Structures are given as C-alpha cells and as structure tokens.
Amino acid sequence: MIESCLAAGGRGTYLRYIRSEIIRAMRNTRLVVFSLVMPILLFAAFSASDDGDTLGGLEIAPYIMISMATFGAMNAVLGSAGRIAVERSIGWNRQLRLTALTGSQYVFGKVATGFTTAVLPIVAVFAYGRATRGVELSAGTYFGAGASILLSLLPLGGFAVWLGYLVRPENLQAVAGGVFSLLALAGGIWVPIEQFPGWLADIVKELPMYWSAQAGRAVLEGGWVGWQGLGTLAIWSVVLAAVAGRAYARDQLRT
C-alpha cells in the first residue's frame, strides 16, 4: 500500500495534496489553540511551583514539559479523525477519487498531516521550557525526546483513521473529547501513574499512550523506552492499523 502511495504516476499529486493539507491544517484556529497554545499554557501553569521536587525520576519542569509536548502532539495526530469524518459527510473524499489521488494516498495524507503538525507543539513546548523554566538539555537530547514522542504516537495515527470512519461528524467532538481525555490520563499526562492504584497502573502499562509519554521521559533519563514499551507500541500499531484498514475498506464499498 505504501508503495502505491509513492508510485511515480501519482507522486506529484500526492505531494501537492500533502502540502495543501498541511497549509489548511495550520489555518485551523482550533488546531492551533488546542495543539500549540494550550500545551504551553498548561505547562506554564503546572510547572510554576517547581521547587526541585521530582516526578517519576525527573524534576517537575522536565517531566511536565514532556507531558505537555505529548499532549499537543496527540491532539494534532488525533485531528486526522475530524478531517476524515467531515470530508466523508460532505462527499469530498468521493470527489478526490476522480483525481489522480488514490484512496490509500488520501488516508496516508491525513496521517502524514497529523504527524507533521505534531512537530510544532513539541518544538514550541521544548523552546518554552528552555527559555522560561531553565530546562537545559543538549540538542541531541531534545531531538531524541521529540522523535521518540512522534514515533510512539504511531498507534494513535491508526486509531485516528479508524475513529474518522466510525463516528459521524456531529458526534465526533463529544466522542473525541472523551476519548482524548482518557488517552491523556492513561499516558500519565494529568496524573503520574505512580499515584494510580497498583492494579490500574498495571493496566495502563499495557496501553500505548503510557509509553508515548514515557518514551520522551526515558530519553531525558539517558535511556530509551525499553523492550516492553517497544513491544507494546508495535503490537498496538499493527492492531490499530488493521482496524483502520478494515474501516477504510468498508467505507470504500459503501461509496
């Protein structure tokens, strides 16, 4: 499927489509506010009382910095669901099939747009943390943490596609809002899982979102997400990609 996306005949159309999608996403006020502005404001608020205490083995400011960078990136990636749902409701995806753009390119384009825009909140939160909270890290550590966050969000990309084909636009905001809150909670963004009951912490560690935030924190601690985290993320990526593929195929048959 990926090879078909990059086939010579449709490469130009695909790249132009990606560029237009990114520009359109950046003009979306809601995306800018919730994916870019909100994480910075939350980081400023939650790290204001940093007095040398630690969370999860890190000082408060670096811990919250990773949490809010992950929060913004999650929001950007999950935004693919809304774009797919809206375009399905108005028939725009059917119109695109009349062009050289293939169905698989359409889906990959939405995911690629989400991950491209997810870079912005990561960079913004890291820059704010360095400038105002004294989070002094090497360029390699910043890059490693940001890349780890992005790669660990691959399962969420598949989930966003599945959600976009599952939920109607009029219901998506409520559903996505609730789901996003649960994902953020599972990722230890609002409450460190060290404060969870033991049985709940064990469940959370089987979910991909815990490892999405943990991947960035592990880099700051001088390590990596580990084999358990890598295995969990890989399994969920395959499962959610398959679920998204089935949802896409069903939609193709209906239209």
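Throughout, numbering of the chain's residues begins at 1 and tracks the sequence. Since this is a predicted model, take the numbers as computed values, not measurements. Worth knowing before you read on, the calculation uses all heavy atoms, side chains too, and leaves out hydrogens, waters and symmetry mates.
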On a heavy-atom basis, which atom in [X] and which in [Y] lie closest, and how many Å separate them?
| X | Y | result |
| --- | --- | --- |
| Leu78 | Leu163 | CD1-CD2, 4.5 Å |
| Ala76 | Ser35 | N-OG, 3.4 Å |
| Leu36 | Ala124 | CD1-CB, 3.6 Å |
| Phe126 | Gly146 | CE2-N, 3.8 Å |
| Ile149 | Ala73 | CG2-CB, 4.3 Å |

Under 4.5 Å between any side-chain heavy atoms of [X] and [Y], yes or no?
| X | Y | result |
| --- | --- | --- |
| Phe115 | Leu154 | yes |
| Ile66 | Gln214 | no |
| Met68 | Phe46 | yes |
| Lys110 | Val161 | no |

Which distance, rounded to the nearest 0.5 Å, do you find between the [atom1] of [X] and the [atom2] of [Y]?
| X | Y | atom1 | atom2 | answer |
| --- | --- | --- | --- | --- |
| Leu153 | Ile122 | CG | CD1 | 7.0 Å |
| Trp236 | Leu207 | CH2 | CG | 6.0 Å |
| Thr232 | Trp227 | OG1 | CH2 | 13.0 Å |
| Leu182 | Met209 | CG | CE | 11.5 Å |
| Leu156 | Thr70 | CG | OG1 | 11.0 Å |
| Gln228 | Tyr210 | CD | OH | 8.0 Å |

Distance-only, no hydrogens or angles: does the [X] side chain make a donor-acceptor pair with backbone N or O of [Y] under 3.5 Å?
| X | Y | result |
| --- | --- | --- |
| Arg133 | Ala44 | yes |
| Ser212 | Ser152 | yes |
| Trp224 | Ala218 | no |
| Trp211 | Gly226 | no |

- [ ] With sequence neighbours excluded, tell me which residues meet side-chain hydrogen bond (donor to acceptor under 3.5 Å, both in side chains) with Thr113.
- [x] none
Open item on the list: Holding to side-chain hydrogen bond (donor to acceptor under 3.5 Å, both in side chains), I want the full list of residues that pass it with Thr132, two or more places apart in sequence or in another chain.
Closed with: none
TODO: Given side-chain contact (heavy atoms from CB on, under 4.5 Å), test Asn75 with Met38 step by step and report yes or no.
DONE: CA-CA 10 Å; Asn75 214 325; Met38 187 65 72; over 6 Å; no
TODO: Output all residues satisfying ring pair (Phe, Tyr, Trp, His ring centres under 6.0 Å) with Trp162, sequence neighbours left out; order by chain, then residue number.
DONE: Phe159
Task: Arg24, CZ: over 12 other non-hydrogen atoms inside 6.0 angstrom - done: yes
Task: In one Ile/Leu/Val/Met/Phe/Trp/Tyr side-chain cluster, 4.5 Å: Leu151, Ile189 - done: no
Open item on the list: Leu15 vs Arg19, test: side-chain contact (heavy atoms from CB on, under 4.5 Å). Steps then yes/no.
Closed with: CA-CA 6 Å; Leu15 293 177; Arg19 184 179 63 183; over 6 Å; no
Open item on the list: Checking side-chain polar atoms at under 3.5 Å, does Ser67 have a donor or acceptor matched by the opposite partner on Arg217?
Closed with: yes
